[in-house]
Amino acid sequence: MKKRMNWLLGAALLIAALCSAGAACAQVTLEVMNPRGEIPPPPTIGINPRVPDLAGKKIVLVDNGKFGANNFLDVLAAMLTQKYPTATIVMYPKPAAQTITDMPKWYPTVAQQGDLFIFGVGD
């Protein structure tokens with residue numbers, strides 16, 4: 001009987017504590033923030049027109065630094081040299097595969113190296 005009385009007393013104290021906590025919580029104001037933020041998208045640039053002929057052009061082959069890209073670009077360079085013997089093929093390695101946005105001056109530098117470029121992707 002004493003155990004039952006202790007249990008009831010404990011339950012009554014718990015209910016009283018919850019009720020008083022509920023009254024205290026009613027005064028709290030929460031401010032919810034949007035985790036997405038408002039970031040404007042970067043401007044889009046259209047695709048350049050297709051080059052009509054590769055003969056006599058300077059073609060830059062860009063290696064993205066991933067495993068296998070150099071193998072692909074070596075074979076592509078051999079095929080382009082065979083099909084377009086007057087074209088100049090230049091291999092241009094990217095400093096690292098994981099850096100794409102940290103090099104704002106790198107891409108314009110590559111664009112000035114030739115008439116067109118092919119970006120080789122490994123993996």
How long is the gap from OG1 on Thr81 to CG on Leu76, to the nearest 0.5 Å?
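Between atom OG1 of Thr81 and atom CG of Leu76 there are 9.0 Å.
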
Give, for atom CE of Met91 and atom CG of Asp63, the distance between the pair rounded to the nearest 0.5 Å.
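Here the interatomic distance stands at 6.5 Å.
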
Measure the shortest side-chain to side-chain distance between Val90 and Phe117 over non-hydrogen atoms and say whether it is less than 4.5 angstrom.
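Heavy-atom side-chain distance check fails, nothing below 4.5 Å.
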
With a 4.5 Å cut-off on side-chain heavy-atom distances among I, L, V, M, F, W and Y, is there a chain of contacts connecting [X] to [Y]?
X: Phe72; Y: Leu61; value: yes
X: Val60; Y: Ile118; value: no
X: Leu116; Y: Tyr92; value: no
X: Ile89; Y: Leu54; value: yes

If every non-hydrogen atom of [X] is compared with every non-hydrogen atom of [Y], which pair is closest and at what distance?
X: Lys58; Y: Gln113; result: CE-O, 3.0 Å
X: Ile59; Y: Ala87; result: CD1-CB, 4.1 Å
X: Lys57; Y: Val51; result: CE-CG1, 3.8 Å

